[in-house]
Peer 1: 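Have a look at the structure that comes next, please.
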Amino acid sequence: MKRLASMAFAAASVLSLQGCAGWQSALDPKGPAASELAWLIWFFTGLCAVVWVLVMIALAAPVLMRPPRRTEPLVLDAGADHRKLRVVAIAVGLTAAILVGLTLLSFFANRTLAAIGSDAALTIRVTGHQWWWEVRYEDATPSRILTTANEIHIPAGEPVRLLLTSTDVIHSFWVPSLAGKLDLIPGHINVLDIKADKPGTYRGQCAEFCGAQHANMGTFIIAEPRAKFDAWWNDQLQPAAPPTGDEAKAGADLFLKRPCVMCHKIGGTPAGGTVAPDLTHVASRRTLAAGSLTMSRGNLAAWIADPQGIKPGSHMPVVELNGDELNAIVAYLEGLK
Amino acid sequence: MRLGFATLLSVTLALAACQREERDTRPQSSLGSGGQPTPVTALEPGGQRPSPRDNKAASFEANAFHLSEGKRLFGWFNCSGCHANGGGGMGPALMDQKWIYGSSMESIHATIRDGRPNGMPSFRNMIPDDQIWELAAFVRSLSGNAPSSAAPQRNDGMMPHPSENRMPDAATLGKSP
Ligand SMILES: [Cu+2]
């Protein structure tokens, strides 16, 4: 029975550690910043566990071991008192040394984190909105500045500098597999340097409560080889694909005659709204509404028909459209690869 | 006995905290489609009749959620481009007691939906009906015509006036604040 219980416990621990792997885990680092932090987490946890066990033993010992009964309670034993004092002094000294040591460790870890992006060639401005992320690739040539949403492509193996800010409330950018979290504050720019060692997709999440749909404010960092990244950037700079087919053409027309045009931008068309995600290449993204839905024709239609059912409180209102109008708009957006 | 009563009371009070404000984020079809015409004048042959009250007007005008949404949309839809933040520019000031086309929810809704001849564009089809009502409620709060317990209480940017919940009622004061 006892064997069974301990085996079950061991199995459960292994399984729960399994849950620490994956595309969103601080314990499964995929970049230098996250590795540095993961190492710190393990070291702190290990050392503190040892200290905790020692303290528990020191507490339990006097309780379990009865002291020898003294014959004469009022006789002082100067030698014994001195020994006790020495033990206490050593414990205090060790505590201080450990605390100073841990402080130094985290200080040097911080220095390593700060140095990661000192030679970053790529700067991306990430602006938090309730409840999505605006992503802007900075470039010295204005025509190469690129605005997209929710999905951040980066070249793998290269440091990237993120400038974090917000337009409404405080959000926090956290991609655990790549870096620690940092707040996005209105009217202020925070700098976060990240680097992904290998190509891959890493999930991020807003980590500062920011209102009704805080839980559905996800983001994806997609690290690709440099050549693929450059090709992606060039593709995204192109104006939106013109609609093909009658239905999509009608959709493009409707998009401009309906409220959509008040909030969204589609490059190469008169739609120039800046308060909502840029839809120029919306169909090239993997998800919709900051990671709430995967990209598909059905999900596009579901989102446009009832954003308030999928993300109640979201700043995209329900726009009344009949079935034909909805299909036309979806056909158009689906083509915006 | 005393203790039991106290526990019961605190549990009841704590449970009351589970109640959450209901926000109408979807159009309420029971309140009408918003397509009904608003008469330009209340004058009719045979005497002046009270103009009909729109169901949505009543449910939007004193609702804190709708008022704050209206405040956000006023910036998003660039009403500020012509009306500044209520102070007026190319369009008239909206924070005074002067109303060219009437101060009722219905008239302001009609102004936004259908436009007005001297330069106010029509937003019909460009702003969903509920959002027009939210804007109308907010426009009224600019001149103190919304309960201070419901009007927005914070300005995020520079504004020519205090936050809407501290706006003196322009109509009763007889002058702009
Ligand atoms: Cu958040």
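No hydrogens, no waters, no symmetry mates; every other heavy atom, side chains included, goes into these values. Chain A is the first sequence line, chain B the second, and so forth, proteins listed ahead of strands; every chain is numbered from 1.
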Peer 1: Answer yes or no: does atom CG of N322(A) have more than 12 heavy-atom neighbours from other residues, nucleotides or ligands under 6.0 Å?
Peer 2: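 Enclosed: over 12 neighbouring heavy atoms sit under 6.0 Å from CG of N322(A).
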Peer 1: Given that the side chain runs from C-beta out, which part of L256(A) has a heavy atom under 4.5 Å from chain B: side chain, backbone, both or neither?
Peer 2: backbone
Peer 1: Would you mind reporting whether P128(B) and E320(A) have side-chain heavy atoms less than 4.5 Å apart?
Peer 2: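 A side-chain contact under 4.5 Å is absent here.
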Peer 1: Could you check whether atom CD of Q153(B) has more than 12 heavy atoms from other residues, nucleotides or ligands sitting under 6.0 Å from it?
Peer 2: no
Peer 1: Is any side-chain heavy atom of H315(A) closer than 4.5 Å to one of R72(B)?
Peer 2: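 Contact flag for R72(B)/H315(A) side chains = yes.
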Peer 1: Under 4.5 Å heavy-atom distance to chain B, tell me which part of C260(A) shows up: side chain, backbone, both or neither.
Peer 2: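 When you check distances to chain B, no heavy atom of C260(A) falls under 4.5 Å.
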Peer 1: Name the region of V261(A), side chain, backbone, both or neither, that has any atom closer than 4.5 Å to a heavy atom of chain B.
Peer 2: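 Only the side chain of V261(A) comes within 4.5 Å of chain B.
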Peer 1: Do the charged groups of D306(A) and R26(B) touch, with an N to O distance under 4.0 Å?
Peer 2: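 Judged by the 4.0 Å cut-off on N to carboxylate O distance, D306(A) and R26(B) do form a salt bridge.
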Peer 1: Considering only heavy atoms, which portion of F65(B) lies under 4.5 Å from any heavy atom of chain A: side chain, backbone, both, or neither?
Peer 2: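 No part of it gets close to chain A.
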Peer 1: Check whether any side-chain heavy atom of P317(A) lies under 4.5 Å from a side-chain heavy atom of Q131(B), and answer yes or no.
Peer 2: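 When only atoms from C-beta onward are counted, Q131(B) and P317(A) do touch, with a gap below 4.5 Å.
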Peer 1: Out of G273(A), P312(A), G309(A), return the one with the most heavy atom pairs under 4.5 angstrom to chain B.
Peer 2: G309(A)
Peer 1: Would you compute the distance between atom CE of M262(A) and atom CG of N125(B) and round it to the nearest 0.5 angstrom?
Peer 2: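 The distance works out to 11.5 Å.
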Peer 1: Taking all non-hydrogen atoms of both residues into account, name the closest pair between I127(B) and P259(A) and its distance.
Peer 2: N-CG, 4.2 Å
Peer 1: So how far is it from Q308(A) CD to D24(B) CG, rounded to the nearest 0.5 Å?
Peer 2: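 Interatomic distance, Q308(A) CD to D24(B) CG, rounded to 0.5 Å: 11.0 Å.
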